Number of protein chains: 2
Amino acid sequence: MLPDIEPVNRESTAAIIARQLREAIMTGALPPGAQLGEAELAARFQVSRGPLREAMQRLVSEGLLRSERHRGLFVIDLEPGDVYDVYAARAAIERAAAIRIMRGDTERAVTELTEALDAMVVAAGESDQNALPEADLRFHEALVEASGSRRLVRMARTLLIETRMCLAALQRTDPGTEDRVAEHTAIIEAMKAGDERRVLELLDAHMEDAITRLAPGSSLHSGPPPSVPADGVDIAG
Amino acid sequence: MLPDIEPVNRESTAAIIARQLREAIMTGALPPGAQLGEAELAARFQVSRGPLREAMQRLVSEGLLRSERHRGLFVIDLEPGDVYDVYAARAAIERAAAIRIMRGDTERAVTELTEALDAMVVAAGESDQNALPEADLRFHEALVEASGSRRLVRMARTLLIETRMCLAALQRTDPGTEDRVAEHTAIIEAMKAGDERRVLELLDAHMEDAITRLAPGSSLHSGPPPSVPADGVDIAG
DNA sequence: TACGTGAGGATTGTTGACAATCCTAGTAAA
DNA sequence: TTTACTAGGATTGTCAACAATCCTCACGTA
């Protein structure tokens, strides 16, 4: 009946623009280090620079943009330690989400995670090389959302964007398609069994696998990689 | 010699204002639910509404402010589940920080944490009722900072502000002064001993203690409290 | 060649004004 | 008494113009 009326409680212009900017960073349309020219972007969004600047300030506080006074706003560029940092933070957040799932509405979470897993299997069969990693991350997103924690969701959103930035910068060759599906499946199974300890073990191993695949030198278990105080290095290459 | 020149690389106006707004929320000068009138605040900061709005958008993306279109920006008000949510998220972040400390520069962390602990002992002797809880939170802040993770630090900063909001709303009677000092001491000792497992156990118990003290019904171990879908309830009482 | 200097243009930072929406009384009718 | 309606004022959303800073590049000098 009600054709979901739109202007009711419409979100702020800054929120809409911020979402699109995140999308652009995520997809690589705005690559690391890129400057966000205000005039050009404002024209593209068909707003004045005011609302655009408000939106950009949101991304600054999320750590996706870096601000240089009188110079402009830039997409952060990932330095060597950032891959480890992102994955370690994700491991913490997703662990907390898993704990809340096991101590909360586990059944509902299993349903939603199974859906995400199915989507992953479908994506594995598609020709689009990007479909599987994307479905993979959506599974992790679903995991955190199923926790029901507003704060975990907020933090995970940013971390997942940064994960996509890492993947793009490192040009993941993407081995082990089967592995990841299997690991996700095992996690869901352990949830069904109500075995919290095993869920956490599997999740930890899964995150460890992920960072090992991505940055062969790093490991969540052996600690952060030695800080390389080189100047102006990024992870591309 | 160089009297730390200031205008070099001065941070943006939005960043400065945002920090002061966080401070005001933290101290309760801007209590939960309060509206942030743009005209009044802009006059107080002696800037126009533009930079002020940019600063406020930062706090929106941090979850400290909530935006209602054409109505204004308000400090979030804490609902019953939020106390649990904040402490569960903090437990996750601080656990990750502890792990990184144990697998990184443990010695340096112990030094800094010992300083924070000493400050706590001093604060315990002061007449200011607020000194001890403040020193307590600074210890936890130091813990996360010692992890060296930019992302953990960013997330913890917001969570610690929300913790202060919870404390203020619940008017903590603040029992167990000795307990908390002892628990922090034990954590540092375990760090010195290089016993990661014990550090994590102690930290978990410490966070569990904290939430039990604050919201007797809640527990990090038994899961989130049942959601009370009442309308417009906050935790003050 | 290397380096300092100084227009000129382009970009960011800030402001005040205007448009759109919301809140509040006050009035009138059922 | 309650409800509906309507100015009027106050607040937020948006914009275009101005000020301040930065970048570029040509020019001149050692």
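Sequence lines set the chain letters: A, B, ... in the order given, protein chains first and strands last, and positions in each chain run from 1. The structure displayed is predicted, hence computed values, not measured ones.
Heavy atoms only, all atoms of each residue included: A:Ser61 and B:Arg58 are closest at OG-O, 3.4 Å. Of all heavy-atom pairs spanning B:Ser67 and A:Ser12, the tightest one is OG-CB, 4.4 Å. Counting all heavy atoms, side chain and backbone alike, B:Pro133 lies closest to B:Gln129 at CD-O, 3.4 Å. The shortest non-hydrogen separation linking B:Cys166 to B:Leu78 is N-CD1, 3.7 Å. Between B:Ala42 and B:Leu52, the closest heavy-atom pair is N-CD2, 3.6 Å.
A distance of 6.0 Å separates CZ in A:Arg90 from CG in A:Leu137, rounded to the nearest 0.5 Å. The CZ atom of A:Phe74 sits 15.5 Å away from the CG atom of A:Leu64 when rounded to the nearest 0.5 Å.
The number of heavy atoms from other shown groups lying within 6.0 Å of CZ (B:Arg138) does not exceed 12. Within 6.0 Å of atom CZ in A:Arg44, 12 or fewer heavy atoms from other residues, nucleotides or ligands are found, so the atom counts as exposed in its surroundings.
Nucleic acid contact class of B:Thr13 (heavy atoms, under 4.0 Å, all strands): sugar-phosphate only.
Scanning residues 34-54 of chain B for heavy-atom distances under 4.0 Å to DNA chain D yields B:Gln35, B:Leu36, B:Gly37, B:Glu38, B:Arg49, B:Arg53. Heavy-atom distances under 4.0 Å link DNA chain D to no residue of residues 56-68 of chain A.
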Could you list the protein-to-nucleotides 19-21 of chain D atom pairs, N/O on both sides, closer than 3.5 Å?
unit_1, atom_1, unit_2, atom_2, d
D:dT21, O3', A:His70, ND1, 3.4

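If you run salt bridge (Lys or Arg N to Asp or Glu O under 4.0 Å) between A:Arg49 and each of A:Glu38, A:Glu54, A:Glu40, only A:Glu38 comes through.
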